[in-house]
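In what follows, a single structure is set out as structure tokens and then discussed.
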Amino acid sequence: MRRAIYPGSFDPVTNGHLDVIARAAKLFDEVIVAVAVNDQKRGLFTADERTALIRGAVAGWKNVRVSRFDGLLVEFASAQGATAVVRGLRAVSDFEFEFQMALMNRKLDEQIETIFLMPAENYTYLSSRIVKEISRLGGNVDAFVPASVAGALREKLAARPA
Ligand code: PNS
């Protein structure tokens, strides 16, 4: 059983993330999308909300499951019996941080390999941060996120004080 972890903040999940999950699911027997709970970043959505939004988006994807994790990624990966961590690389600007994280994770656990996958070109400009900004400013994000996420963004931002 070749199992991979696809970790991230997913605040919220975008079509770019889903593209990477679909690619990873073709390469591995099982992909665990791992939602970081204890990340330093303060999210718009809670970890439970982020997890539920991904679960909705990948419902019916046979070899994909969604889990929350806190603490060290390599410890979670090892406890899950995974041998790889998948990360998406959109552009050179992603590389520096990703390279540092991959090498540090290797230092922490030699058994876990990091694999980079490139999403389709039309997602290279997409990020959760930009989607939130567009939504906050009243723009339409339907092309960038699943319908359930677009709805959740509208609800969340409507409930927030201006
Ligand atoms: O979507 P993001 O915010 O780029 O994901 C970053 C994430 C959550 C994958 C990274 O911060 C992480 O792995 N956090 C867990 C804590 C950890 O293991 N830190 C050491 C990594 S070198």
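If you read the sequence from its start, that first residue is 1, and numbering goes on from there. Remember, it's 1-based here, ligands and their atoms both numbered in the order they're listed.
- The ligand atoms of ligand 1 that sit less than 4.0 angstrom from a heavy atom of L73 are 13 (O), 17 (C), 18 (O).
- Taking distance alone, with nitrogen or oxygen atoms compared against 3.5 Å, F10 stays at or beyond that limit from ligand 1.
- Side-chain atoms of R87 come within 3.5 Å of backbone N or O of P7 as a donor-acceptor pair.
- Not close to ligand 1: F76, with no non-hydrogen atom less than 4.0 angstrom away.
- Within ligand 1, counting atoms from 1 as listed, the ones closer than 4.0 Å to a heavy atom of G71 are 15 (C), 16 (C).
- Not a single donor-acceptor pair under 3.5 Å links the side chain of D70 to the backbone N or O of A36.
- Each of the following atoms of ligand 1 lies closer than 4.0 Å to a heavy atom of A36: 8 (C).
- Applying the salt bridge (Lys or Arg N to Asp or Glu O under 4.0 Å) test to residues at least two apart or on different chains, the pairs with a partner in residues 11-26 are D11-K132, D19-R23.
- No heavy atom of E75 sits closer than 4.0 Å to any atom of ligand 1.
- Under the 4.0 angstrom criterion for non-hydrogen atoms, A34 is not in contact with ligand 1.
- Contact atoms of ligand 1 toward M104: 22 (S) (distance under 4.0 Å to a heavy atom of the residue).
- At a 4.0 Å heavy-atom cut-off, ligand 1 does not touch Q100 at all.
- For the pair R50 (side chain) and F45 (backbone), a donor-acceptor distance under 3.5 Å is present.
- Ion pairing between E110 and R106 fails under the 4.0 Å rule for side-chain N and carboxylate O.
- Within the set L108, L103, N105, the minimum heavy-atom distance to atom 21 (C) of ligand 1 is found for N105.
- Listed by number with element, the atoms of ligand 1 under 4.0 Å from a non-hydrogen atom of F69 are 15 (C).
- Relative ring orientation between F95 and F116 is described as tilted, the plane-to-plane angle lying within the 30° to 60° band.
- The proximity of S9 to ligand 1, defined as any non-hydrogen pair under 4.0 Å, involves the side chain as well as the backbone.
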